[in-house]
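Here the structure comes first, spelled out in structure tokens, and everything after it is commentary.
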Amino acid sequence: MSITLSVIKADIGGYVGHSDSHPDVLAEAGECMARAKKEGLLVDYHVTKCGDDLQLIMTHQHGEESEKIHKLAWDTFVDCTEVAKKLKLHGAGQDLLADAFSGNIRGMGPGVAEMEFEERAAETIIIFMADKTSSGAWNMSLYKMFADPFNTIGLVIAENMHGGFAFEVHDIKESKKITFNAPEEIYDMLVFIGAPSRYMVKAVYHRDTGEIAAASSTQKLALIAGRYVGKDDPVCIVRSQGQFPAVGEVLEPFSSPILVEGWMRGSHMGPLMPVSIPDSTPTRFDGPPRVVAAGFQLSDGKLVGPRDMFADKSYDHAREQANLMADMMRRHGPFEPHRLPLDEMEYTTMPQVMQKLKGRFTDL
Ligand code: F6R
Ligand code: MG
Ligand code: MG
């Protein structure tokens with residue numbers, strides 16, 4: 001059975017500030033999704049949140065980039081924005097950058113990760129969702145899952161994975177894409193994906209079968225809007241087990257927290273902390289950035305789950321480490337490398353301050 005899994009998300013209002021989502025907004029989204037399922041547009045759905053981001057997880061048979069499905073997501077965000085406005089939630093409707101839906105939700109503010117595939121006898125899926133960070137945050141984790149034998153032993157000892165994976169990488173500044181074959185092209189690939197604010201892993205494919213293995217959302221909100229509108233707060237779908245990395249191999253990268261861009265005012269480096277879905281409440285200095293993982297088995301398109309994968313005790317050390325890293329980074333206050341370099345900051349007063357002081361600069 002061919003099925004499409006679409007994860008479409010938007011921040012349409014935070015509770016309190018940018019720290020969490022209001023239950024009434026989630027309930028409204030659930031009602032919109034239930035109607036669409038009843039009408040037969042969706043096979044199944046699950047509504048959840050990561051911090052202040054509303055996550056619509058949908059299965060259907062309309063393929064990727066379906067106007068019907070994108071419009072359903074857009075209309076759901078519009079309805080939920082009404083609820084957010086009534087409650088005067090913070091930043092109500094902030095990610096709806098267009099006035100009206102125009103065929104495809106991509107480029108209109110919300111984040112989209114989609115994949116179409118033939119459902120396997122057992123189809124294991126992990127959906128990662130992050131808050132207070134940008135799309136490039138998945139680069140290192142996807143590299144570890146699909147190209148690093150120190151993370152994924154299956155690459156070495158499982159015959160059905162030994163042929164490696166291909167990475168589709170997007171240059172979001174120049175709007176170009178390229179595909180790298182791992183393992184033989186990893187040195188070339190790392191030149192690019194090691195710069196995650198510009199080069200982002202969009203998708204990963206199994207090389208022997210050509211099957212889609214992972215898909216992420218890569219939009220950069222600031223580039224779409226031409227101004228700061230919050231971080232992208234990306235999502236990523238990963239297929240697991242069999243010819244794909246096992247669940248434990250898919251989750252393993254997050255056991256060693258890394259520094260990502262985002263956090264306070266989208267202008268800082270901070271640790272990406274793996275947490276349970278209820279714990280995705282970025283609070284300290286509006287952070288630190290969070291990642292949650294919802295695990296599902298698909299059964300004829302039905303979403304059996306989720307299991308809240310990072311609720312597991314074995315991520316306690318990662319959370320402790322992330323908190324220590326957060327202390328270390330906060331020590332720098334307004335200095336780099338905590339604060340982002342000038343051209344990466346989402347908020348800046350530089351033009352105004354420069355203008356005010358321009359007469360006072362003299363030649364060295
Ligand atoms: C970061 C984020 C928050 C806000 C900050 C200021 O992605 O969402 O750190 O940037 O709380 O928010 P505003 O400008 O909405 O008052
Ligand atoms: Mg927000
Ligand atoms: Mg957010």
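Values below: every heavy atom of this structure, side chains too, minus hydrogens, waters and symmetry copies. All ligand and atom numbering here is 1-based and tracks the order in the structure.
Below 4.0 Å from some heavy atom of Met264 lie the following atoms of ligand 1, by number and element: 9 (O). Residue-ligand proximity, Trp263 to ligand 1, at heavy-atom distances under 4.0 Å covers atoms 1 (C), 7 (O), 9 (O). Those atoms of ligand 1 that come under 4.0 Å of a heavy atom in Lys132, given as number and element, are 1 (C), 2 (C), 7 (O), 8 (O).
Counting heavy atoms closer than 4.0 Å to ligand 1, residue His18 contributes side-chain atoms (C-beta onward) but none from N, CA, C or O.
If you count the protein N, O or S atoms nearer to the Mg ion (ligand 2) than 2.8 Å, you get 3.
Between the side chains of Asp11 and Gln94, at least one donor N or O sits under 3.5 Å from an acceptor N or O. Residues His338 and Glu336 bring no donor and acceptor atom of their side chains to less than 3.5 Å of each other. A donor-acceptor contact closer than 3.5 angstrom links the side chains of Glu65 and Asn104. For the residue pair Ser6/Glu114, the side-chain donor-acceptor check at 3.5 Å is satisfied.
Here CG of Asp24 is found 10.5 Å from SG of Cys80. Values are rounded to the nearest 0.5 Å.
For ligand 1, the polar-atom distance check finds no N/O of Asp52 at less than 3.5 Å from any of the ligand's N/O atoms.
For the Mg ion (ligand 3), the nearest N, O or S atom contributed by Asp131 is named OD1.
Heavy-atom separations between Gly91 and ligand 1 are all 4.0 Å or longer. In this structure, His90 has a heavy atom closer than 4.0 Å to ligand 1.
The 12-atom threshold is not exceeded at CD of Glu159, counting heavy atoms of other residues, nucleotides or ligands nearer than 6.0 Å.
Geometric assessment of Arg307 against the ring of Phe296 yields a negative cation-pi assignment under the 6.0 Å and 45° thresholds.
Relative ring orientation between Phe101 and Trp74 is described as tilted, the plane-to-plane angle lying within the 30° to 60° band.
Counting heavy atoms from C-beta outward, Phe285 and Trp263 have side chains that approach closer than 4.5 Å.
Between Asp44 and the choices His60, Lys37, Lys302, the side chain to side chain donor-acceptor pair (under 3.5 Å) rule is met once, by Lys37.
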